[in-house]
Amino acid sequence: MSFASFSDFLAMGHHGLYVWSAYGICLLVLALNVAMPLQARRRYLQEEARRLRRENKQ
């Protein structure tokens with residue numbers, strides 16, 4: 001499918017809102033699939049370091 005202009009490409013034959021929102025949601029989910037495990041790992045390591053410091057003080 002070819003488009004006459006860039007605005008026609010963005011409009012996607014009057015389905016642009018659906019198409020671009022689907023792409024946006026997909027990218028958001030992919031970003032969360034990367035970010036959430038990294039954040040959980042960082043939180044786990046911080047909690048373990050805190051626990052080890054607490055145990056060493058006793």
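Here, residue 1 is the first one in the sequence, and each next residue gets the next number.
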Rounded distance (nearest 0.5 Å) linking atom CD1 of Ile25 with atom OG of Ser21: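 Taking CD1 in Ile25 and OG in Ser21, the distance rounds to 5.5 Å.
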
Nearest non-hydrogen partners of Asp8 and Ala4, listed with the distance: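 Shortest heavy-atom contact: OD2-CB, 3.4 Å.
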
For Leu17, is the CG atom crowded, meaning more than 12 foreign heavy atoms sit under 6.0 Å from it?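 No, because the 6.0 Å sphere around CG of Leu17 holds 12 heavy atoms or fewer from other groups.
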
Partner of Leu32 under side chain to side chain contact (heavy atoms under 4.5 Å, CB included), chosen from Val29, Leu28, Val34: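 Exactly one pass, corresponding to Leu28.
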
Can Tyr18 be reached from Phe9 by stepping across I, L, V, M, F, W or Y side chains whose heavy atoms are under 4.5 Å apart?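 Phe9 and Tyr18: one cluster.
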
Under 4.5 Å between side-chain heavy atoms, hopping through other hydrophobics if needed: is there a path connecting Phe6 to Phe3?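 Per the 4.5 Å side-chain linkage, Phe6 and Phe3 are co-clustered.
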
Taking C-beta and beyond as the side chain, do Glu55 and Leu52 meet within less than 4.5 Å on heavy atoms?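 They are in contact (side-chain heavy atoms under 4.5 Å apart), so the answer is yes.
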
Can you find a heavy atom in the side chain of Met12 that is under 4.5 Å from one in the side chain of Trp20?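 With C-beta onward as the side chain, the pair touches.
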
What pairs of residues pass the side chain to side chain donor-acceptor pair (under 3.5 Å) test when at least one of them lies in residues 34-48, not counting sequence neighbours?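 Sorted result for residues 34-48: Glu48-Arg51.
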
